[in-house]
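Down below is the structure, laid out as structure tokens.
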Amino acid sequence: MELTKKGNSQLLSKLATSDQHGENSPYFDGWKAYDRDPFHPTNNPNGVIQMGLAENQLSHDLIEEWIKKNPEASISSSEGVHAFKNIALFQDYHGLPEFRKAVARFMGKARGGRVRFDPERIVMSGGATGANETIMFCLADPGDGFLVPSPYYPGFNRDLRWRTGVQLVPVMCQSSNNFKITKEALEEAYRNAQDCNIKVKGVILSNPSNPLGTTMDRATLRSLVSFINQKQIHLVCDEIYAATVFRSPEFISISEVVEEMECINLDLIHVVYSMSKDMGLPGFRVGIVYSYNDAVVNCARKMSSFGLVSSQTQHLLASMLSDEEFTDRFLSENAKRLASRHDSFTKGLNEVGIGCLESNAGLYCWMDLRQLLKEATFEGEMGLWRVIVDEVKLNVSPGSSFNCNEPGWFRVCFANMGDHTLEIALGRIRMFVGKFKSVAVNKSWQRNLKLSFSSQTAVVAASSPHIMSPHSPLLRAKN
């Protein structure tokens with residue numbers, strides 16, 4: 001066996017034999033725990049409930065309704081088969097013109113109509129994963145660095161680093177100011193990178209934030225633009241959750257901010273977008289690079305040959321996103337459903353004394369479990385996480401996997417399941433916290449928290465409809 005492993009390492013590339021993909025992170029370990037023992041209300045009521053998947057399943061009925069009313073939008077229907085030949089033949093990697101126009105209009109609408117996007121700057125990619133990697137290939141060389149405010153999405157380690165060789169330099173944000181980005185933290189991270197002889201090429205961030213579920217205010221965005229403009233480095237804003245904002249303050253796009261500011265080098269500004277979160281269509285693999293830099297647009301478009309969106313998908317979405325009445329209704333109703341789900345979930349947590357960072361966007365909460373830590377260390381956080389995954393049977397994601405510098409925070413997703421599954425999850429949390437409180441005086445409490453859900457969860461699940469908890473192959477692990 002050792003000879004085989006050694007032989008493989010010599011035969012394969014450094015990329016193929018490296019461990020930089022990030023799959024060994026606790027973030028992905030939780031997915032594997034779910035895959036081994038997936039919850040089902042009747043077939044496996046004691047299985048792991050997937051709360052680590054940031055997926056929006058709350059408004060699929062609206063899309064299904066539109067598809068039924070518009071069969072001509074699909075080349076697979078008798079009403080739309082007349083377009084089959086044109087769509088099935090080779091398409092230029094610029095993308096269908098009607099698709100780019102529809103995406104540009106939808107991006108503007110998702111940002112409150114306060115900014116317009118040029119269809120000629122729309123570049124396709126295979127999901128936001130591909131879009132983020134493409135922008136890194138365009139902006140940085142192996143060994144160069146990008147500053148990224150923490151906590152940040154664990155998949156960035158894969159998307160931004162694995163194949164590009166780019167280094168990520170954390171900008172440490174603190175819970176004392178709700179993890180807001182400060183000029184001081186940016187400057188400190190920049191100095192740290194220079195001290196390590198890392199050439200900083202830019203700042204990349206997600207807004208709305210994954211995992212915080214917060215949006216950046218105008219002053220913070222202006223400060224960021226001033227910072228990168230002064231340093232003459234790039235700013236990449238991952239805005240894939242733009243239309244998941246469900247209450248005030250409203251979302252402010254970086255595109256809106258740079259239009260207001262003077263003496264800004266627009267060649268440094270880039271936006272990443274997708275249909276995965278706002279429309280709940282991660283399986284469609286629609287990623288978008290939007291850059292104000294002509295050279296980046298041209299380069300990214302050439303690179304898009306390696307991860308195009310299928311013409312069939314473009315054709316369908318061009319029709320759907322061009323339906324102004326539908327998109328207006330979808331965005332409004334989806335925001336209402338997200339607000340309702342967020343409120344019901346956080347209320348359930350509050351009832352047992354668990355708080356979350358105040359948020360107004362996203363498909364998840366940033367849950368504060370510091371009070372449940374055996375010790376205020378990352379070892380304590382991992383011990384608690386193992387109990388939650390192995391015994392409580394909930395796949396939540398530990399803050400350390402998001403590079404959070406304070407132990408005890410966890411991201412928990414609430415939009416990827418039905419109401420009944422969510423109630424079962426809350427029931428497990430109630431039992432867990434109740435058990436914790438009853439043995440809190442025992443220093444070895446973690447060994448005593450082996451909860452048995454064999455009877456309790458079966459009773460709750462029996463009243464639930466046959467809704468499968470979401471499937472979670474690792475390739476779907478985007479944001």
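Residues take their numbers from the sequence shown, with the count starting at 1. Everything numeric here is computed off the predicted structure, so don't read it as measured data.
In the displayed structure, R337 atom CZ is contacted under 6.0 Å by more than 12 heavy atoms of other residues, nucleotides or ligands.
Under the 3.5 Å distance criterion, the side-chain polar atoms of N403 are left unmatched by any main-chain donor or acceptor of P154. Judged purely by atom type and a 3.5 angstrom limit, N350 uses its side chain to pair as donor or acceptor with the backbone of T346.
Side-chain N/O atoms of D118 and Y290 include no donor and acceptor closer than 3.5 Å.
Remark: K183 is not positioned above the aromatic ring of F227, lacking an NZ or CZ atom under 6.0 angstrom from the ring centre and at most 45 degrees off the axis.
In this structure K101 satisfies the salt bridge (charged side-chain N to carboxylate O under 4.0 Å, His left out) test with no other residue, sequence neighbours excluded.
Ring centroids of Y241 and Y364 are separated by less than 6.0 Å, placing the two rings close together. Taking the six-membered ring for Trp, F330 and W66 have ring centres at least 6.0 Å apart.
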Note to self: Let's go through E239 and S253 carefully: what are the C-alpha distance in whole Å and the side-chain angles of both, what is the deciding distance for side chain to side chain donor-acceptor pair (under 3.5 Å) to 0.1 Å, and is it a yes or a no?
What the structure shows: CA-CA 8 Å; E239 297 185 348; S253 172; 3.0 Å; yes

Item checked: Full working for side chain to side chain donor-acceptor pair (under 3.5 Å) between S206 and D238 -> CA-CA 4 Å; S206 59; D238 183 329; over 6 Å; no

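Separation of atoms CD1 (I135) and SG (C299) is listed at 9.0 Å; rounding is to 0.5 Å.
Screening residues 290-310 for salt bridge (Lys or Arg N to Asp or Glu O under 4.0 Å) gives R121-D294 as the qualifying pairs, with residues at least two apart or on separate chains. For the salt bridge (Lys or Arg N to Asp or Glu O under 4.0 Å) condition, the pairs that include at least one residue of residues 210-221, sequence neighbours left out, are R218-E256, R218-E260.
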